[in-house]
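Reading through the structure tokens given below for one structure.
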Amino acid sequence: MRQIECAFESEVVMAVVQSRWPDRADAELREHVKTCEICADVAAVAGAIECALEESAACVAFPGTLPDSGLVWWKAQMRARREAVAAAGRPITAVHLAAFACAVGLLGACIGATSSWFQGALKWAWAGITGIDIKAIVPYVAALIEGHGLLIACMVAMVFVVPVAVYLAIGRD
Amino acid sequence: MTYSDVSRAKAIADAEAVFVMDEEAFRGFYDRNARGVWAYLSRVTGDRQLADDLLQETFYRFLRAASVAPTDRDRFDSEAHRRNSLYRIATNLAKDARRRSFTRPAASVAGDDVEHLADCGRGGGDHGTDIDRRTDVRRAMFQLRPRDRAMLWLAYAEGASHDEIAGVIGVQPSSMKLLLFRARRRMAKLLGREDGGAK
């Protein structure tokens, strides 16, 4: 089984963090790192991260890079208030929508009960729906599938495969 | 005054008390941690402007997260837990941002960042050598997977323990040693260390 840790890792990290690596580090530790792959990786990576950290510290030291804590607090409060007001408004909006739907339903019922042309149109639409012969449609559908089966299969596959592919692409890592 | 007005007024009053941390405590916490979180976000996302945006969002969500879990309030009394929570939020935000812009190639991000080097790197010492080294480090980091970047940064820049890193990036603590070993191996290779045997 491959070794994935070494007892000297923390010593190497300390030497790098304290800027003792490699010149001012213990000679024994330097000799160990020469022969230990894990510690050599640790020295290289910790040194690189330390370098990146110094660079980031230099970036942050520029005035105006980071917003003032008071400003962040004030913005957070404003946003919390806005969100609280929006959340409080949502049930009222839902009640308004329900009331509107009831009113439309009531109006529709009144028109349906009193208007002769509306009742005539309703009877005509119902007769159309009940007049459809499903057995007569089946041969047409079968012919369509037979003629364009591959195309239909591709379309169905796209409907299922594309969302899965997009999900996997986005969800990777 | 209508019912809506009363409801709004109550919501605003509730929002006043929504953060468990008061302003003074927050300002201290922010001053202690904002630099580290910004550095972490800028390295993980590879985009300084995005890091600026995500920094504010991170602290806002931290304040809200702390407020919506009253049973966990004792947990938040510890600075270490607060920091871990902050970095966990930052990690999730960076992940979401990456998902939103998954078509953007990582190389261009690294390229953008290189341009900022001259602005950030001015200081004492051997400027040319520093820039070369920093450019190499940056390139190596941006060729890593974001999770590897996050793990290595937390381990070596923030000095986080394996358990803390596991909590922040959302993996089992038992698998941290192996994941960290692999990430370190990849980074070392990218930095030019040969595979097998110490240099």
Side-chain angles (χ1 to χ4, degrees), chain A residues 2-5 13 16-17 32-62 65-89 91-92 169-173, chain B residues 3-4 7-8 10-12 14-16 18-19 23 26-27 30-31 34-35 38-39 42-43 48 52 55-56 59-60 63-64 99 102 116-117 119-123 130 133-134 136-138 140-141 145-147 152-153 155-157 159 177-178 181 184-185 187-188 191 193 196-199:
Chain A
R2 194 177 186 187
Q3 197 185 350
I4 60 167
E5 61 181 336
V13 172
V16 171
V17 170
H32 168 75
V33 171
K34 278 181 190 168
T35 56
C36 175
E37 187 186 332
I38 292 168
C39 286
D41 281 354
V42 168
V45 172
I49 300 280
E50 195 63 19
C51 173
L53 191 60
E54 281 169 17
E55 186 190 3
S56 293
C59 287
V60 175
F62 276 171
T65 303
L66 292 181
D68 177 65
S69 56
L71 182 68
V72 174
W73 174 261
W74 179 76
K75 279 186 177 177
Q77 272 202 322
M78 290 297 112
R79 189 170 154 190
R81 282 182 197 177
R82 260 200 325 272
E83 287 179 1
V85 168
I92 296 167
I170 297 171
R172 191 177 157 269
D173 196 44
Chain B
Y3 175 73
S4 314
S7 177
R8 269 189 199 125
K10 188 178 176 304
I12 289 170
D14 289 346
E16 298 282 343
V18 79
F19 304 142
E23 183 174 357
F26 172 78
R27 290 181 76 152
Y30 178 89
D31 290 339
R35 285 162 192 254
W38 185 88
S42 68
R43 290 292 162 182
R48 288 177 46 181
D52 290 344
L55 179 75
Q56 299 214 19
F59 276 96
Y60 177 70
L63 284 167
R64 296 296 296 228
R99 281 182 178 157
F102 71 101
H116 292 292
L117 185 65
D119 297 335
C120 295
R122 278 181 196 136
D130 280 356
R133 173 138 169 78
R134 286 172 180 180
D136 289 346
V137 169
R138 192 179 301 101
M141 283 199 81
R145 283 185 291 195
R147 193 177 71 174
L152 292 174
W153 190 265
Y156 296 110
K177 271 184 194 170
L178 185 61
F181 167 77
R184 206 168 52 217
R185 194 81 273 274
M187 174 94 173
L191 287 168
R193 259 189 40 72
K199 205 172 178 177

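Since we're looking at a predicted model, the values are computed, not measured. All chains are named by letter (A, B, ...) in the order of the sequence lines, taking the proteins before the strands, and each is independently numbered beginning at 1. No hydrogens, no waters, no symmetry mates; every other heavy atom, side chains included, goes into these values.
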Looking at every heavy atom in both [X] and [Y], which two are closest together, and how far apart are they?
X       : Y        : answer
A:Cys51 : B:Val137 : SG-CG2, 4.3 Å
A:Asp41 : B:Ala188 : OD1-CB, 3.2 Å
A:Pro67 : B:Leu55  : CD-CD2, 4.0 Å
B:Tyr30 : A:Ser69  : CD2-CB, 3.3 Å

When rounded to the nearest 0.5 angstrom, what is the spacing between [atom1] in [X] and [atom2] in [Y]?
X       : Y       : atom1 : atom2 : value
B:Asp31 : A:Leu66 : CG    : CG    : 9.5 Å
B:Trp38 : A:Ser56 : CH2   : OG    : 6.0 Å
B:Arg43 : A:Leu53 : CZ    : CG    : 8.5 Å

Heavy-atom distances under 4.5 Å only: say whether B:Leu152 touches chain A with side chain, backbone, both or neither.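 Contact with chain A: backbone and side chain both.
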Kindly check if the number of other-residue, nucleotide or ligand heavy atoms within 6.0 Å of CZ (B:Arg35) is above 12?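 Result for CZ/B:Arg35: open.
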Contacts of type side chain to side chain donor-acceptor pair (under 3.5 Å), residue A:Glu83, not counting sequence neighbours: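 Expected list: A:Arg79, B:Tyr60.
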Apply side chain to side chain donor-acceptor pair (under 3.5 Å) to B:Tyr156 and list each qualifying residue two or more places apart in sequence or on a separate chain. B:Arg184
Between A:Val16 and chain B, with a heavy-atom cut-off of 4.5 Å, which part of the residue counts as in contact: side chain, backbone, both or neither?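 Interface part for A:Val16: neither.
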Audit row: A:Gln77, B:Glu23, side chain to side chain contact (heavy atoms under 4.5 Å, CB included) steps and yes/no: CA-CA 10 Å; A:Gln77 272 202 322; B:Glu23 183 174 357; 6.0 Å; no
